[in-house]
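One structure below.
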Protein chains: 2
Amino acid sequence: MAQNRVSARGARRREEIVAVAAELFARGGFRGTGMTEIAELVGITEPGLLYHFRNKEGLLRAVIEWRDHRSQEFARDVASLGGLSTIREMPAFAHRNQEEPGLTRLFAVLLAENLDSGAPAHDFFVRRYREMRDLVAGSILVGQERGEIRPEVDPRLKAVEILATLDGISTQWLLDPASVDLVESIETYARTLERDLARAED
Amino acid sequence: MAQNRVSARGARRREEIVAVAAELFARGGFRGTGMTEIAELVGITEPGLLYHFRNKEGLLRAVIEWRDHRSQEFARDVASLGGLSTIREMPAFAHRNQEEPGLTRLFAVLLAENLDSGAPAHDFFVRRYREMRDLVAGSILVGQERGEIRPEVDPRLKAVEILATLDGISTQWLLDPASVDLVESIETYARTLERDLARAED
DNA sequence: TTTTCCTTACTTAGTTGTTAGTAAGTAATC
DNA sequence: GATTACTTACTAACAACTAAGTAAGGAAAA
């Protein structure tokens, strides 16, 4: 077929399609978005899309992979700091999400759509969250080794909690941005966390 | 039409349908679940469903209302305790969710499907989360008046954070129950919260 | 430099399956 | 004997996807 061939023109077109699809999937979900809708916005016919992507699921995969790269890069950078420094980067993370709500929304919507095992991207999200938890837990462990973080903290449980809170705040913000201030909420949470993790010595 | 008439037989049938629909919406979402699928599982034809419910969205509304009643009852009971007592009821909340994952899953899936304003149940979820935040914030305020909770805590921001964490933990558990222990995670979070909210006096 | 020719990037037209929802008639129930 | 609770038969719209043909681009040959 065609997807394997590397052609500058085609690659550019594919990126264009992926960007549009990401936008629409973020709004309406995978199941709620039709190929026609995507095609129309790209300025192509429906079979034109299917020339570039084997099928709708292939397009979904491309969207996820593309967006995941950027997202994981950032996460890895932040986590590599280790310990409390990682936590202090959380407001930056919030700012980025606020300015680019598409990414945040895309993953929130797709995650829920793929909770069920058997859903097209279920395994991807299982893997992703395991990796993220490992990343955060590792960062906590580093903090404990440095003596910045209380040793009684269970890194794995705290990782679940931190990711949960960040996701949950983002979701409430996406639902009702007039009522929930993303940056303020995450900044406050970061302070809470710092207080929580730091050894009680004052 | 028919929905207004009150007939014992019909009411029972409607409940039956709502229960089945809730189960299927929880697995596959609203958009991912067909009327035929629901009808088949109820043991009725598709137009048979539409006799009881004006259309698919009407069925969704019925499902949400039904499940929301039970859910909010519980939330109200717990919040009425006020202060730290409310937080100490969180493990019970976790146990209930674990034993009845349908409800948890239903709301997680439907919430994400309705993030977009214009989605059929968007307004419902906006209202629901505002109410829940008010409920939790009120409970924190009570705790502060009693002197159980530090006065520096911002009740509204802490309410966002608490709901976020509970939702986020539930979602991770739904996605990957083998990796995330719902009850343990929430119990640990409850302890964290108690430590966080209590005045620092030891 | 122009012609040849293959590959890439599509289009038009159509298929098949499924969707929510309707119209009209019928069986059960009170 | 009317109201309630359906059924069968259908429709119109739309879903993802396929088949087959074509236009444009770029590289190589004449």
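Quick note on labels: first sequence line is chain A, next is B, and so on, each numbered from 1.
Under the salt bridge (Lys or Arg N to Asp or Glu O under 4.0 Å) rule, A:D68 has a single partner from A:R127, A:R128, A:R76, A:R61, which is A:R128.
In terms of modelled atom types and a separation under 3.5 Å, the side chain of A:E148 and the main chain of A:A198 share no donor-acceptor contact. With hydrogens and angles ignored, the 3.5 Å screen pairs no side-chain donor or acceptor of B:Q144 with any backbone N or O of B:P155.
Atom CD1 of B:I44 and atom C1' of C:dT26 are 15 Å apart (whole Å). If you measure from atom CZ of A:R9 to atom P of D:dA27, you get 13 Å, rounded to the nearest angstrom. Distance, A:Y51 OH to D:dA24 P: 16 Å, rounded to whole Å. Summarising the geometry, the separation between NE2 on A:H52 and P on C:dA9 is reported as 6 Å, rounded to the nearest angstrom. Here D:dA5 presents its C1' atom at 10 Å from CZ of B:R14, a figure rounded to the nearest Å. In this structure, the CG atom of B:L60 is 12 Å from the P atom of C:dG21, given to the nearest Å. Between the CG atom of B:L50 and the P atom of D:dA5 there is a distance of 15 Å, given to the nearest Å. Atom CG in B:L59 sits about 10 Å away from atom P in C:dG21, given to the nearest Å.
The nearest heavy atom of DNA chain C to A:P47 and to B:R31 marks one nucleotide each, and the one closer to the 5' end goes with A:P47. Of the residues near DNA chain C, A:G43 and B:M35, the one whose nearest nucleotide (by heavy atom distance) lies more toward the 5' end is A:G43.
Closest to the side chain of B:S7, from the set C:dG21, D:dA16, D:dA5, is D:dA5.
Within 4.0 Å (heavy atoms only), A:G48 reaches at least one base atom of the nucleic acid.
Applying the 4.0 Å criterion to OP1 and OP2 of D:dC6, one finds that B:T45 has every side-chain N and O outside that range. Contact between the side-chain N/O atoms of A:R54 and the OP1/OP2 oxygens of D:dC17 is not found at any separation under 4.0 Å.
Contact check on B:R12 versus B:E15 returns no salt bridge, with no Lys/Arg side-chain nitrogen under 4.0 Å from an Asp/Glu carboxylate oxygen. Ionic pairing of A:R105 and A:E100 is not present here: no N-O contact between side-chain nitrogen and carboxylate oxygen is shorter than 4.0 angstrom.
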